[in-house]
**Q** 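Before anything else, here's the structure in question.
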Amino acid sequence: MSTEGIFIVGKNKAKLGNDLQIIKSNRILKTVAKELNLTTSYYLPGRIMNSEQWKNCPVKIEWLSTDDMLEEKSLSLNLTITKKGFKIEELGNKEMIFDKKYVINNTPFKIKSNTRQLAIFYNKKYLIQKSTLSGVISYLSGSVSASVLTDESDVVVLSMRGLNQEKSKDVVNCIIKVYNEDGIKDRQLAFRNTIQFVNDRFQYLVGELDSIENYKIGYKKKIDINSIEELAGLTAGRKSSYEEKIMDLENQMSMSSFLSVSIKPSTHKTLPTNIGILNVNINSYIDNYNQLISERDKLSISAGKNNPTLKGINEKLPELQEIIISSIKIYQDEIKASIRNLEKIQSENNSLYSTVPEKEKILKSIERQQNIKESLYLLLLQKREEAGINMAITQPSVKVLEYAGSGNKVAPNNNTIYLIALIIGIGIPLLLLFLKFYFDTKIHNKIDVKNIVKDIPIIGEIPFIKEDKYIQNNDRSILAEAYRNVRTNINYLLPALIKKEGYVIFSTSSIKGEGKTFNAINMALIMTQMKKKVLIIGADLRNPQLHKYVGLAKEKRGLTNYLFDQEVELESIINKNTLDNQYLDTIISGSIPPNPAELISNGRFEKLLNIVKAEYDFIIVDSAPTLLVTDTLLITNLADLVIYVTRADMTDKHVVEYSRDLYLQGKINKIAYIVNSVGLIYVYGYKYKYNYSYGYGYNYNYGYGYGYGSEDDNDYIEKSTFEKMISKFKDTFKS
């Protein structure tokens with residue numbers, strides 16, 4: 001919370017900056033801290049932060065040490081109010097009573113009840129924090145700010161930021177009060193010094209008057225003169241005038257002497273003003289000197305010794321002091337000269353009264369001295385009364401326009417927090433999803449492949465399953481249904497039989513791991529369910545995998561033996577009734593040759609196909625990946641259909657473009673695509689499985705609608721609302 005107080009300083013612009021520093025000076029803040037007892041704080045503990053209790057804490061602590069001992073001590077007390085009194089955790093949670101002296105860390109204290117309804121605070125816990133005075137002053141200096149309302153005004157805005165609004169309000173108001181009182185004391189200082197100066201002169205004058213009175217009485221007794229009337233006829237009007245002038249000059253001489261005595265070169269203190277000296281220059285110099293003294297005292301509070309302004313003032317003071325002393329001497333010389341001139345005239349005038357006894361002259365001199373002292377006494381008495389009245393009616397330093405009241409909340413900003421939370425909660429996830437899909441170069445479903453291959457047919461999508469499986473007889477699983485769909489589409493793509501020979505279908509891919517062997521096995525199995533005779537040939541001579549799927553030894557004779565050795569008979573490498581299926585036979589790859597490309601293109605492979613076409617309805621060739629090696633491209637002309645296997649979340653779109661280019665360049669005559677392992681996506685590192693519609697009015701998780709469900713329903717899950725949202729979001733960015 002921020003709390004503000006507004007007041008008028010009424011200073012010129014040159015001095016306003018100094019006042020702003022004085023308001024936040026350690027001297028002012030120290031007085032405020034002590035007056036409001038800010039070194040002791042009371043808190044109500046909370047889960048996130050403690051809540052300060054300002055004037056509303058049910059207990060109050062009284063420190064029994066002196067202020068000097070407590071100023072730099074820091075203590076904490078965790079207090080719990082009980083029915084009998086209170087407990088303090090730092091003192092062992094013993095039962096204690098109010099208004100009794102206790103000691104913690106060599107610091108005595110008392111806990112007093114601050115309310116008559118203490119029962120409602122039973123079992124409440126409070127934290128009493130004793131902070132160092134320097135720490136509190138540092139906190140106030142950082143929390144309190146003073147600034148001018150506008151550049152052209154002398155209105156100062158004093159504000160403070162704090163968690164407790166009432167405390168901030170009291171601190172601001174107290175600072176205004178202390179600063180105002182401090183200014184009043186500064187202006188009263190000159191009047192105090194004047195009164196002190198007059199009091200000192202009084203003691204001197206009383207002694208002088210007593211001495212003159214006693215001398216006059218003794219002299220009158222000696223010359224036997226009782227009244228001044230005896231001398232009235234001896235004086236004239238002009239003589240009286242000269243004497244009055246001489247008396248005024250001597251009065252000025254005495255006043256200047258008193259002033260000269262009060263000037264001490266070793267120290268610089270405020271000089272008395274308006275004490276009756278008639279010299280305009282001396283009075284002007286004294287006013288300037290007192291003004292510099294006041295500015296120096298105020299500036300020394302907030303500025304350091306090396307402050308240029310302070311140095312300048314300290315340099316000017318001795319110079320101005322010398323000017324005042326010199327002016328007094330010059331003025332005294334002028335007075336003396338005037339007195340000499342008047343005395344000379346008076347002497348000439350007195351020659352007319354040579355008959356006047358010398359003793360009468362002495363008596364007049366005594367009376368004149370007496371009159372001088374009496375007039376000086378009365379003058380000083382008047383000046384003391386004036387100074388006392390001025391000190392009593394000193395105007396306040398500031399005029400408060402508005403005391404600190406209800407403050408405005410400056411932090412935390414709820415709107416900003418809500419906006420940041422909205423950005424973090426919605427904006428960042430959307431940005432991450434956007435970046436993920438924007439930089440995603442993998443295919444994920446049939447749509448992704450279709451956008452690349454355009455008019456080339458996609459004959460099926462194979463759903464993601466947890467592990468490789470084979471299609472069984474009368475298989476009702478989702479995998480079997482997917483391959484039945486593939487089988488139907490293959491029948492549309494293959495030309496009608498003109499001769500009674502089998503179709504040659506290649507199963508290939510761009511890179512390793514996309515599932516071409518898995519696809520070849522299951523395509524063969526789905527064909528056998530229609531009583532078709534099928535032969536699988538492992539033509540991937542570099543990294544053969546077919547033997548693992550059909551359970552044969554890798555060292556068993558296979559295709560490489562037939563291609564390499566003219567003596568090897570075809571029947572010797574055919575493995576009958578693969579996977580206990582009477583319609584499925586297999587030729588595995590055999591040993592890995594050193595020259596697979598030359599071996600597979602030597603003509604023996606074409607001869608093999610021509611032989612087996614007469615015996616089998618379908619010959620499915622598991623060939624090598626086209627992107628890694630050239631083996632498959634050397635024999636694709638022998639295929640009736642090349643099935644190009646891609647894998648969701650693995651096959652890169654550029655790889656699909658490569659396979660399309662093979663078709664467009666005529667390197668593959670007839671091609672169709674299968675998208676394998678559809679339904680696996682990654683969101684924030686977690687896998688989510690979902691199914692895509694195949695464009696035929698149903699999807700794989702529909703239960704088939706024929707009264708029976710999938711035998712492997714546990715391998716697949718229905719697309720959740722979140723997954724649908726992700727899918728829609730992804731398709732939007734794809735488009």
Side-chain angles (χ1 to χ4, degrees), residues 24-144 160-175 177-178 181:
K24 293 185 61 179
S25 65
N26 287 353
R27 180 171 57 85
I28 298 294
L29 297 181
K30 182 177 181 180
T31 305
V32 172
K34 287 186 174 181
E35 187 169 327
L36 295 179
N37 192 22
L38 297 180
T39 55
T40 303
S41 303
Y42 304 86
Y43 297 95
L44 187 64
R47 293 183 178 179
I48 299 177
M49 63 182 296
N50 298 332
S51 175
E52 184 173 3
Q53 305 296 293
W54 179 254
K55 296 182 179 179
N56 56 351
C57 186
V59 295
K60 181 180 180 181
I61 191 168
E62 179 183 345
W63 304 104
L64 303 180
S65 298
T66 60
D67 291 341
D68 294 338
M69 295 177 62
L70 278 174
E71 282 186 359
E72 296 306 319
K73 274 197 173 183
S74 178
L75 298 171
S76 293
L77 299 178
N78 287 280
L79 182 144
T80 303
I81 299 176
T82 63
K83 292 184 178 180
K84 296 181 179 180
F86 60 92
K87 295 179 180 179
I88 294 179
E89 182 178 329
E90 287 75 11
L91 296 179
N93 279 328
K94 298 178 181 179
E95 190 74 33
M96 300 179 181
I97 60 177
F98 292 106
D99 296 320
K100 185 178 179 181
K101 179 180 177 181
Y102 298 98
V103 179
I104 182 171
N105 293 344
N106 299 322
T107 304
F109 66 93
K110 286 183 180 179
I111 300 293
K112 297 184 177 182
S113 175
N114 203 26
T115 179
R116 295 181 179 179
Q117 298 178 344
L118 194 63
I120 63 176
F121 298 99
Y122 287 164
N123 297 323
K124 281 286 188 70
K125 294 183 178 180
Y126 292 91
L127 171 64
I128 302 176
Q129 183 73 45
K130 169 66 181 66
S131 304
T132 62
L133 182 60
S134 59
V136 172
I137 293 174
S138 178
Y139 165 74
L140 291 178
S141 180
S143 301
V144 175
M160 177 180 178
R161 287 189 176 188
L163 296 177
N164 191 294
Q165 179 179 334
E166 289 298 320
K167 179 179 179 180
S168 300
K169 180 182 70 175
D170 291 344
V171 170
V172 170
N173 290 335
C174 188
I175 291 176
K177 181 177 75 71
V178 171
E181 293 174 350

**Q** Could I get the full list of side chain to side chain donor-acceptor pair (under 3.5 Å) partners for Asn26, not counting sequence neighbours?
**A**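 Listed in chain order: nothing, the list is empty.
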**Q** Which atom names give the shortest non-hydrogen contact between Phe98 and Ser113, and what distance separates them?
**A**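 The pair with the smallest heavy-atom distance is CD2-N, 3.8 Å.
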**Q** How long is the gap from OG on Ser51 to CG on Leu127, to the nearest 0.5 Å?
**A**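 Rounded to the nearest 0.5 Å, the OG-CG separation comes out at 11.5 Å.
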**Q** Look up atom OG in Ser76 and atom CD1 in Ile128, then write down how far apart they are to the nearest 0.5 Å.
**A**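 Result: 10.0 Å between the selected atoms.
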**Q** Output the distance between atom CD1 (Ile28) and atom OG (Ser141), rounded to the nearest 0.5 Å.
**A**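 So the CD1 of Ile28 and the OG of Ser141 are separated by 13.0 Å.
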**Q** Can you see which heavy atom on Tyr42 is nearest to which on Val59, and at what distance?
**A**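 Looking at all heavy atoms of both residues, the closest pair is CE2-O, 3.7 Å.
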**Q** Ignoring hydrogens and angles, tell me if any N or O in the side chain of Ser168 forms a donor-acceptor pair with the backbone of Asn164 under 3.5 Å.
**A**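 Flag set: sc Ser168 to bb Asn164 pair under 3.5 Å.
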**Q** Identify the heavy atoms of Phe86 and Thr82 that sit nearest to each other, and give their distance.
**A**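 Looking at all heavy atoms of both residues, the shortest contact is N-OG1, 3.3 Å.
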**Q** Check step by step if side-chain contact (heavy atoms from CB on, under 4.5 Å) holds for Asn78 and Ile88.
**A** CA-CA 6 Å; Asn78 287 280; Ile88 294 179; over 6 Å; no
**Q** Mind listing the side-chain donor-acceptor pairs of residues 100-108 below 3.5 Å, one per line with the distance, residues two or more places apart or on another chain?
**A**
from: Tyr102; atom 1: OH; to: Ile97; atom 2: N; distance (Å): 3.1
from: Thr107; atom 1: OG1; to: Lys73; atom 2: NZ; distance (Å): 2.6
from: Thr107; atom 1: OG1; to: Asn105; atom 2: O; distance (Å): 3.3

**Q** Are any non-hydrogen side-chain atoms of Lys112 and Glu62 less than 4.5 angstrom apart?
**A**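 Yes - at least one pair of side-chain heavy atoms lies under 4.5 Å apart.
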**Q** In this structure, are over 12 heavy atoms from other groups packed under 6.0 Å from Lys60 atom NZ?
**A**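 At most 12 heavy atoms, drawn from other residues, nucleotides or ligands, come within 6.0 Å of this atom.
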**Q** Would you check if the side chain of Lys84 reaches a backbone N or O of Met96 as a donor-acceptor pair within less than 3.5 Å?
**A**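 Here the side-chain-to-backbone pair does not exist.
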**Q** Of all residues at least two apart in sequence or in a different chain, which pass the side chain to side chain donor-acceptor pair (under 3.5 Å) check with Lys110?
**A**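 Partners of Lys110 under the side chain to side chain donor-acceptor pair (under 3.5 Å) test: none.
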**Q** Mind listing the closest non-hydrogen atom pair of Val172 and Met160 along with its distance?
**A**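 Residues Val172 and Met160, closest heavy atoms: CG2-CB, 3.7 Å.
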**Q** To the nearest 0.5 Å, how far apart are NZ in Lys30 and CG in Leu140?
**A**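 Going from NZ on Lys30 over to CG on Leu140, the span is 13.5 Å.
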**Q** If you round to the nearest 0.5 Å, how far is CG of Leu77 from CZ of Phe109?
**A**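 One finds 5.5 Å between CZ of Phe109 and CG of Leu77.
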**Q** With sequence neighbours left out, what residues match Tyr139 under ring pair (Phe, Tyr, Trp, His ring centres under 6.0 Å)?
**A**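 Listed in chain order: nothing, the list is empty.
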**Q** Can you list the residues that meet the side chain to side chain contact (heavy atoms under 4.5 Å, CB included) rule with Ser134, with sequence neighbours excluded?
**A**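 Residues passing side chain to side chain contact (heavy atoms under 4.5 Å, CB included) with Ser134: Glu72, Thr132.
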**Q** So if I apply the side-chain contact (heavy atoms from CB on, under 4.5 Å) rule between Leu44 and each of Gln53, Glu52, Lys125, which one comes out positive?
**A**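 Between Leu44 and the candidates, side-chain contact (heavy atoms from CB on, under 4.5 Å) is satisfied uniquely by Gln53.
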**Q** Quick test of your reading of the model: are Glu71 and Lys34 salt-bridged, counting only N-O distances below 4.0 Å?
**A**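 Yes, charged N to carboxylate O under 4.0 Å.
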**Q** May I have all residue pairs that pass salt bridge (Lys or Arg N to Asp or Glu O under 4.0 Å) and include part of residues 85-96, sequence neighbours excluded?
**A**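 Every candidate salt bridge (Lys or Arg N to Asp or Glu O under 4.0 Å) pair involving residues 85-96 fails, so no pair, neighbours aside, qualifies.
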**Q** Could you check whether any side-chain heavy atom of Lys130 comes within less than 4.5 Å of a side-chain heavy atom of Ser41, counting everything from C-beta outward?
**A**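 No - every pair of side-chain heavy atoms lies 4.5 Å or more apart.
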**Q** How many angstroms lie between atom CG of Leu79 and atom NZ of Lys124, to the nearest 0.5 angstrom?
**A**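 Nearest 0.5 Å value for the CG-NZ distance: 13.0 Å.
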**Q** Return the minimal non-hydrogen interatomic distance between Asp170 and Leu36, and the atom names on each side.
**A**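 Heavy-atom minimum between the residues: O-CD1, 3.8 Å.
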**Q** Do Leu29 and Ile175 have side chains that get closer than 4.5 Å, going by heavy atoms?
**A**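 Yes; the side chains approach each other to less than 4.5 Å.
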**Q** Closest approach of Asn114 and Cys57, non-hydrogen atoms and distance?
**A**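 Closest approach of Asn114 to Cys57: ND2-O, 3.1 Å.
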